[in-house]
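Taking it in order: structure first as structure tokens, then the write-up.
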Amino acid sequence: MSLLVTYDAQNIFAKILSGAIPSARVYEDDRTLAFMDAFPQSKGHTLVIPKVDACNLFDIEPADLQNLIVETQRIARAVRDALSPDGVRIMQFNGEAAGQTVFHIHFHILPMWDDQPLGRHAGGGMADINELNALAAQIRAKL
Ligand code: 5GP
């Protein structure tokens, strides 16, 4: 698939935004939604998405991207304060060849610990929704 993709309104994150698919929501406002990754690569793996139809870094408006990265910083701070990881990795993929699997732009917030390797990207097991909701509440409490 090329980087010049047309936005597919049926993608999983569009369905999460509309509420058609449930998610463990951390934060929401009129421009942004943050929720727990259902197949987490580490405890507290959080996704931040804009409420605009953009597939990737190349087709989002600069003002929307600016808002998205500032919100990612704010939510990453809350993840850090809630879970006390040794490090936090921010990831963002563009195009299938780069590892992107959902074609609605998003930033990954991955808390990391010295003694714990990251799980596989988009290939691990599905997390328990109650556990994800508990983590979301822990993170939200630090916002
Ligand atoms: P990408 O590969 O596009 O950078 O990341 C997509 C992410 O979405 C992956 O980390 C994957 O685990 C996550 N994901 C896929 N399907 C769902 C879902 O239905 N709900 C949630 N919360 N996350 C999902």
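All values below were derived from every heavy atom in this structure, side-chain atoms included, with hydrogens, water molecules and symmetry-related copies excluded. For ligands, and for the atoms within them, numbers begin at 1 and follow the listed sequence. Bear in mind that the values here come from a model prediction, so they are computed numbers and not experimental data.
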Exercise. Does F93, backbone or side chain, put an N or O under 3.5 Å from an N or O of ligand 1?
Worked result: no
Seminar exercise, completed: For K51 and D29, the nearest pair of non-hydrogen atoms, with its separation, is NZ-O, 2.7 Å
Problem set entry | F107 and I90, any side-chain heavy atoms less than 4.5 Å apart | yes
Exercise. Which ligand 1 atoms does H106 reach within 4.0 Å, using its non-hydrogen atoms?
Worked result: 1 (P), 3 (O), 4 (O), 5 (O), 6 (C)
Exercise. N/O of S23 under 3.5 Å from N/O of ligand 1, yes or no?
Worked result: no
Problem set entry | Side chains of W113 and L83 in contact at under 4.5 Å (non-hydrogen atoms) | yes
For this session: Provide the full list of ring-ring contact (aromatic ring centres under 6.0 Å, His included) pairs with a residue in residues 66-91, sequence neighbours left out, each pair given once.
Result: none
Exercise. Among T72, T46, D37, V48, which one satisfies side chain to side chain contact (heavy atoms under 4.5 Å, CB included) with H108?
Worked result: D37
Exercise. So, is T101 polar-close to ligand 1, with some N/O to N/O distance under 3.5 Å?
Worked result: yes
Exercise. Going by the order shown, which atoms of ligand 1 are within less than 4.0 Å of some heavy atom of G99?
Worked result: 2 (O)
Exercise. Which atoms of ligand 1 are found less than 4.0 Å from any heavy atom of H121?
Worked result: 1 (P), 2 (O), 4 (O), 5 (O)
Problem set entry | Residue-ligand contact K15/ligand 1, heavy atom below 4.0 Å | no
Exercise. Do A38 and ligand 1 have an N or O pair less than 3.5 Å apart?
Worked result: yes
Exercise. Nearest heavy atom to atom 11 (C) of ligand 1: which of D37, V102, I12 does it belong to?
Worked result: D37
For this session: For ligand 1, find out whether one of its N or O atoms is nearer than 3.5 Å to an N or O atom of M36.
Result: yes
For this session: Using non-hydrogen atoms of the residue, decide whether I16 is closer than 4.0 angstrom to ligand 1.
Result: yes
Exercise. Would you call F103 a ligand 1 contact, heavy-atom distance under 4.0 Å?
Worked result: no
Exercise. Is D64 reaching over with its side chain to a backbone N or O of I60, donor-acceptor style, under 3.5 angstrom?
Worked result: no
Problem set entry | Aromatic centroids of H104 and Y7 separated by under 6.0 Å | yes
For this session: Find out whether R77 and Q73 are in side-chain contact, i.e. whether some heavy atom of one side chain is under 4.5 Å from a heavy atom of the other.
Result: yes
Exercise. Hey, does Q100 come in under 3.5 Å of ligand 1, counting only N/O atoms on both sides?
Worked result: no
Exercise. If you draw a 6.0 Å radius around CZ in R25, do more than 12 non-hydrogen atoms from other residues or ligands fall strictly inside?
Worked result: yes
